[in-house]
Amino acid sequence: MGIEGATDWRAEAASALNWWRAAGVDVLVEDEPRDWTARPAVTAQPDAPVRVAPAGPEPEAPLPATIEAFLDWRYGAASPEAAMGEPIVAAEGNADAPLMIATDLPEFDGSTPALLDGPAGKLFDHILAAIGQSREAIYLVPLCAARPITGQVPRDLEDKLGEILRHHIALAGPARLLLLGQATSRAVLGTDAARNHEGLTPFNYSGGTCDVVAIRHPRFLLNKPAAKADAWKDLQLLIGGQSL
């Protein structure tokens, strides 16, 4: 029995041991000194895997730089129109001709599509004769090389086909360029075909420039004969002052 008022040393010792145990002391003696107040070391974690962003679409290959390579690509299986499932109609005539004529898309007046065929083709031949030209003497190219069932240049392809046509013009390097129809005029000049009796419209491309006239398509002229007079005035710009 302890003396009344004396401190119970056993209770104090137990309290001290509990404090050290709570502080992390689990042995009384170690071989090496230990800083009991130091923070526990952080175990290094293995390197986390590096997240690689998903690859975006591959950049498009540049358009072929020579007319020969371009024509092989333009009217082959890799052309933008190939996915339509419609026949591809290639350019006609001599790529070195001084007069290049661009139409919007092939006609379909017979068993197979062709450039400026049927009634529109007959009127086109008359136009050529009126300016002293023939199909053999010009270079005739389509903006869209296939004719979709809608009979119009697909809206989702207009920008791409315009880029291709402008590249085609640069490779051919004509002295004069005749654009037939609104879609073709927008693709090259950025505006609809309209009368321009103040002079030819210049078209600049890498490596040169050419003079341009844009008129209504022969299809339109067949339906609106009164517009032929304006078309003829525009054609006079094309041939005025120079022989082609």
Side-chain angles (χ1 to χ4, degrees), residues 63-82 87-110 112-118 120-147 153 161-181 183-185 187-189 193 200-215 217-219 231-232 234-244:
L63 296 174
T66 66
I67 190 69
E68 295 80 7
F70 174 82
L71 294 177
D72 287 342
W73 170 85
R74 180 68 186 93
Y75 303 114
S79 68
E81 300 93 333
I88 300 294
V89 181
E92 298 177 1
N94 180 10
D96 295 326
L99 175 59
M100 183 177 185
I101 300 179
T103 185
D104 51 4
L105 40 66
E107 311 297 320
F108 192 78
D109 194 63
T112 58
L115 298 183
L116 290 165
D117 194 16
K122 292 180 180 178
L123 178 55
F124 175 68
D125 290 336
H126 290 315
I127 290 173
L128 288 180
I131 61 175
Q133 298 294 314
S134 66
R135 291 195 185 227
E136 293 74 22
I138 65 166
Y139 187 40
L140 178 61
V141 304
L143 167 64
C144 182
R147 184 179 179 88
V153 177
L161 294 177
E163 175 191 355
I164 292 171
L165 178 56
R166 293 190 297 272
H167 186 72
H168 197 165
I169 296 168
L171 291 178
R176 298 288 175 93
L177 176 64
L178 175 61
L179 304 176
L180 303 178
T184 312
S185 179
V188 177
L189 301 177
L200 297 166
T201 301
F203 174 69
N204 298 312
Y205 55 85
S206 176
T209 184
C210 65
D211 294 321
V212 184
V213 167
I215 67 171
H217 198 279
R219 284 186 234 104
W232 174 243
D234 292 335
L235 289 169
Q236 293 298 304
L237 294 172
L238 189 70
I239 60 176
Q242 292 189 21
S243 58
L244 294 172

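What you see is a predicted model, and the numbers here were worked out from it, not measured in a lab.
- Scanning both residues, A120 and P218, for their nearest heavy atoms gives O-CB, 3.6 Å.
- To the nearest 0.5 Å, the span separating OG1 on T112 from CG on D117 amounts to 7.5 Å.
- The closest side-chain heavy-atom distance from L161 to L165 is not below 4.5 Å.
- The structure places CD of E163 at 5.5 Å from CG of L63, a figure rounded to the nearest 0.5 Å.
- Of the inter-residue distances, the one linking Q133 atom CD with I138 atom CD1 reads 7.5 Å to the nearest 0.5 angstrom.
- Nearest heavy atom pair, residue S185 against residue A214, reads OG-CB, 3.8 Å.
- Side-chain contact check for V153 versus C144: some heavy-atom pair is nearer than 4.5 Å.
- With contacts defined as side-chain heavy-atom distances shorter than 4.5 Å, the pair P113/P87 qualifies.
- Listed for the R74 side chain is no donor-acceptor partner under 3.5 Å among the backbone atoms of S79.
- At least one side-chain heavy atom of D104 sits under 4.5 Å from a side-chain heavy atom of R219.
- Between L178 and M100 the shortest side-chain heavy-atom distance does not fall below 4.5 Å.
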Evaluation steps, side-chain contact (heavy atoms from CB on, under 4.5 Å), between V212 and L200: CA-CA 6 Å; V212 184; L200 297 166; over 6 Å; no
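- In this structure a side-chain-to-backbone donor-acceptor pair under 3.5 Å is missing from H167 to A65.
- The two atoms that bring A170 and S206 nearest to each other are CB-O, 4.4 Å, heavy atoms only.
- Under 3.5 Å, the side chains of T209 and N204 contain a donor-acceptor pair of N or O atoms.
- For the residue pair H168/Y205, the side-chain donor-acceptor check at 3.5 Å is not satisfied.
- In this structure, T184 contributes its side chain and L180 its backbone to a donor-acceptor pair below 3.5 Å.
- Between C210 and I169, the shortest heavy-atom contact is SG-CG2, 4.3 Å.
- No side-chain heavy atom of I101 sits under 4.5 Å from any side-chain heavy atom of V141.
- We find the CZ-CG distance between R166 and L189 to be 10.0 Å, quoted to the nearest 0.5 Å.
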Verdict with supporting geometry, R135 and L116, side-chain contact (heavy atoms from CB on, under 4.5 Å): CA-CA 11 Å; R135 291 195 185 227; L116 290 165; 3.7 Å; yes
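- Contact detail for L115 and A90: the closest heavy-atom pair is CD1-O, 3.5 Å.
- Once rounded to the nearest 0.5 Å, the distance linking CG of L171 with CZ of F70 reads 6.5 Å.
- Nearest heavy atoms, A82 versus I88: N-CD1, 4.2 Å.
- Here E81 does not pair with R147 in a salt bridge; the nearest charged N to carboxylate O distance is not below 4.0 Å.
- Checked by atom type and distance alone, the side chain of R176 pairs as donor or acceptor with a backbone atom of L238 at under 3.5 Å.
- Between L177 and D211 there is no side-chain heavy-atom pair separated by less than 4.5 Å.
- Side-chain contact between V213 and L179: absent, with no pair of heavy atoms (C-beta onward) separated by less than 4.5 Å.
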Full working for side-chain contact (heavy atoms from CB on, under 4.5 Å) between L99 and Y139: CA-CA 6 Å; L99 175 59; Y139 187 40; over 6 Å; no
